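Remember, predicted model here, so these are calculated numbers, not experimental data.
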Amino acid sequence: QEWYCPKCKGHKQAAKQISVWKLPDTIVIHLKRFNKLLHKLNDRVSFPLTGLSLAESCTPGSPELRADDSGLDRTLYDLYAVSNHSGVAGAGHYTAVCREESDNIEVALDDPGMWLKFDDEAVYTVAPAKVVSPEAYLLFYRRRHVRHSPPAAARR
């Protein structure tokens, strides 16, 4: 379908592009899991556990495309949590899979880490290969070199 140009008053072939000047430290990606009739979409969507690059989404000249003072790439993100949905609309069940934090940033960058699945009262480990599933609903990514500080209550 062609785009209507208000300047020349004609229909034109066009492409829409969105680019980003400044990237956030945390990104949440919502995967469409229900169609217009609220039928569940169970397609498997591939997503990286580490090294999601948003460089191509940045506007040319963006400060995000320049390495920081330590030479680190500011456009890389690592997955730290997934919210999963199973079942149907209105009668589903939610679980979460979260990456265990590492105190050693070098280990955290090279290793997909240990993942924990939270299912109501049960908590157990899952293999990194099981994190990507057809039930994935929300993806939580953190900029690679930003450290997470737990809430004050957790540090006591």
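Side-chain contact between Phe118 and Cys98 is present, with heavy atoms from C-beta onward closer than 4.5 Å. Leu23 is listed as a side-chain neighbour of Thr75, based on a closest heavy-atom distance under 4.5 Å. Here the side chains of Trp3 and Gln13 are not in contact, with every heavy-atom distance at 4.5 Å or above. Considering only heavy atoms from C-beta on, Lys32 comes within 4.5 Å of Leu41 through its side chain. Counting heavy atoms from C-beta outward, Asn42 and Glu135 have side chains that stay 4.5 Å or more apart. In this structure the side chain of Thr26 never reaches within 4.5 angstrom of the side chain of Tyr141, judged on heavy atoms. With contacts defined as side-chain heavy-atom distances shorter than 4.5 Å, the pair Val131/Leu79 qualifies. Between Leu139 and Leu31 there is a side-chain heavy-atom pair separated by less than 4.5 Å.
Counting heavy-atom neighbours within 6.0 Å of Glu2 CD, excluding the residue itself, gives a total above 12.
At a threshold of 4.0 Å, the pair Arg143-Glu64 counts as salt-bridged, since one of the basic side-chain nitrogens sits closer than that to a carboxylate oxygen.
Put simply, the side chain of Asn84 never gets that close to the backbone of Ala96: no donor and acceptor are under 3.5 Å apart. Between the Arg33 side chain and the Pro134 main chain, a donor and an acceptor come within less than 3.5 Å of each other. The closest donor-acceptor contact from the side chain of Lys9 to the backbone of Pro6 lies under 3.5 Å.
Both Leu52 and Val20 belong to a single network of hydrophobic side chains, linked directly or stepwise wherever heavy atoms of I, L, V, M, F, W or Y lie under 4.5 Å apart. The hydrophobic clustering, which links ILVMFWY residues whose side-chain heavy atoms are closer than 4.5 Å, places Phe47 and Tyr77 together. Hydrophobic clustering (side-chain heavy atoms under 4.5 Å, transitive across Ile, Leu, Val, Met, Phe, Trp, Tyr) groups Ile29 together with Val132. Residues Leu54 and Phe140 do not share a hydrophobic cluster, clusters being chains of Ile/Leu/Val/Met/Phe/Trp/Tyr side chains in contact below 4.5 Å. Connection of Val97 to Val45 is established within a shared hydrophobic cluster, with ILVMFWY side chains joined at heavy-atom distances below 4.5 Å, either directly or through further cluster members.
Of all heavy-atom pairs between Leu65 and Gly61, the closest is CD1-N, 4.2 Å. The nearest pair of heavy atoms linking Cys5 to Lys12 is CB-CG, 4.2 Å. Of all heavy-atom pairs spanning His39 and Asn35, the tightest one is N-OD1, 2.9 Å.
Taking the six-membered ring where tryptophan is involved, the planes of Tyr137 and Phe34 are perpendicular, since the angle between them exceeds 60° and thus also 30°.
Taking NZ of Lys22 as the reference point, atom OG1 of Thr59 lies at 13.0 Å (rounded to 0.5 Å). A distance of 12.0 Å separates NZ of Lys117 from OG1 of Thr125, quoted to the nearest 0.5 Å. One finds the OG atom of Ser86 at 6.5 Å from the NZ atom of Lys40 (value rounded to the nearest 0.5 Å). The OH atom of Tyr94 sits 8.0 Å away from the CG atom of Leu138 when rounded to the nearest 0.5 Å. The CZ atom of Arg74 lies 9.0 Å from the OG atom of Ser62; values are rounded to the nearest 0.5 Å. Note that OH of Tyr80 is 16.0 Å distant from OG1 of Thr50, once rounded to the nearest 0.5 Å.
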Legend entry - Working for side-chain hydrogen bond (donor to acceptor under 3.5 Å, both in side chains), residues His93 and Asp119: CA-CA 9 Å; His93 179 70; Asp119 187 352; 2.7 Å; yes
